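Since this is a predicted model, take the numbers as computed values, not measurements. Along the sequence shown, residues carry numbers from 1.
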Amino acid sequence: MEEQFHYSQNPQPYADEDEIDILDLLLVLVKNKWLIIGITFLFACGALIASFVMTPVYRSSTTVFLSRSDQSVFIDKNTDYVRSVSTFTPELITKLFSTNDVVSKTKANLPQSEAISSITLQATVDNKTQIITLSTTASTPTLSAMAVREAINVAQSELETLIEDKNSEFAQLENALIFEINEVQKQLSEKEEALARYIKQVASTQQNAQLLYPSSSFEASQKASSLYALPDGGLEYLRHLREITLLEDQYRMLQQRKAALSELKRPISISALGKNISSSLIKPKRTLMVVLATILGLFLSIFAAFIREFMCNASKDPERALKLAEIRNHFFHTNPK
């Protein structure tokens with residue numbers, strides 16, 4: 001009985017080592033609270049200091065749109081044709097902002113300083129609304145806003161150069177359209193003269209001729225009452241009218257294309273929507289950095305507290321102390337064989 005009582009009073013050191021006691025864990029944290037607080041505070045202060053040391057990055061953005069001087073609504077009726085001959089689309093302007101010429105000239109026109117090398121330009125276009133958004137980043141909000149304005153001015157200058165080159169192509173297209181218009185107009189005159197000669201041949205009286213020259217529209221002359229008296233039932237007459245109608249439609253279409261080209265030759269300007277350009281700090285995100293560093297420091301400090309407690313307990317156990325000494329010898333000493 002004495003041996004059993006002695007065993008119950010002095011249990012084996014690690015008989016219940018697989019059992020986790022929350023109170024023991026809390027006790028470890030309380031014993032090492034200053035270590036945990038110190039490491040966490042050190043990480044938070046380090047992140048705060050780093051946020052002040054880091055070079056800030058500000059972003060300025062504005063909405064950019066294209067406008068033509070004295071633009072008429074006539075161009076909207078020929079949208080498909082205008083897009084087929086025009087290359088000055090929002091997508092092209094977006095790429096224009098990203099070219100090396102625009103970026104380098106924008107930086108060159110800004111006040112000379114070491115911060116110019118950090119300036120970046122980015123332009124995006126909304127496929128649905130065709131609205132262009134221009135954004136710049138710089139180390140100061142003033143420099144970032146200046147970069148937006150200067151980029152618009154440089155892009156406008158580059159666009160004017162492209163327009164001059166493109167207008168020569170438009171002039172060639174316009175000359176070709178004028179030639180086609182003259183040809184169609186000549187053919188239309190010939191068809192109208194042929195119709196007049198045909199009417200003189202088939203119209204026996206002036207009253208019958210007036211029926212074949214309606215004052216309202218060609219559709220009215222296609223009635224059976226006005227065509228019944230003709231030799232072939234009005235077949236030849238309708239052929240003349242169809243040819244004239246097709247030529248008139250072709251003439252109107254060519255005139256619309258010519259007007260659309262005239263619209264495309266008007267000067268294009270790149271303008272910002274609104275005079276005030278706002279800037280916002282995007283780097284560093286001070287609050288986020290401090291919060292993340294605090295959380296990281298807390299986890300590392302808790303891990304360090306448990307490692308410290310383990311080392312203390314292991315040093316009191318002869319068997320584990322011997323193993324720890326052997327590990328130290330392997331890492332820090334080379335024992336000759």
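Between Ala145 and Ile277, the shortest heavy-atom distance links the atoms O-CD1, 4.2 Å. For Val148 against Ser60, the heavy-atom pair with the smallest separation is CG2-O, 3.7 Å. In this structure, Gly297 and Ile39 approach most closely via the heavy-atom pair O-CG2, 3.7 Å. The two residues Ile270 and Phe97 make their nearest non-hydrogen contact at CG2-CZ, 4.1 Å. The two residues Leu281 and Lys283 make their nearest non-hydrogen contact at CD1-O, 3.0 Å. Heavy atoms only, all atoms of each residue included: Thr106 and Ala151 are closest at OG1-CA, 3.5 Å.
Using a cutoff of 4.0 Å between basic side-chain nitrogens and carboxylate oxygens, Glu158 and Lys105 are scored as salt-bridged.
When the options Ile119, Asn109, Thr140, Leu110 are evaluated for a side chain to side chain contact (heavy atoms under 4.5 Å, CB included) with Met146, the one that passes is Leu110. A side chain to side chain contact (heavy atoms under 4.5 Å, CB included) with Val125 is found for exactly one of Thr94, Ile131, Val64, Leu92, namely Thr94.
Crowding of Phe306 atom CZ: a count of heavy atoms from other residues, nucleotides or ligands under 6.0 Å exceeding 12. Annotation: Phe65, atom CZ; neighbour count of heavy atoms from other residues, nucleotides and ligands within 6.0 Å is above 12. Counting heavy atoms of neighbouring residues, nucleotides and ligands inside a 6.0 Å radius, atom CG of Asn175 exceeds 12 of them. More than 12 heavy-atom neighbours from other residues, nucleotides or ligands sit within 6.0 angstrom of CD on Glu91.
The shortest distance between side-chain heavy atoms of Asp24 and Val28 does not fall below 4.5 Å. Using a 4.5 Å heavy-atom threshold, the side chains of Thr40 and Phe43 count as separate.
Counting only distance, with no hydrogens or angles, the side chain of Thr99 and the backbone of Lys95 share no donor-acceptor pair below 3.5 Å. Between the side chain of Thr161 and the main chain of Ser157, a donor-acceptor pair closer than 3.5 Å is present. Ser144 contributes a side-chain N or O that, together with a main-chain N or O of Thr136, makes up a donor-acceptor pair within less than 3.5 Å.
Residue pairs satisfying the salt bridge (Lys or Arg N to Asp or Glu O under 4.0 Å) criterion with at least one member in residues 26-42, sequence neighbours excluded, are listed as follows: Lys31-Glu309.
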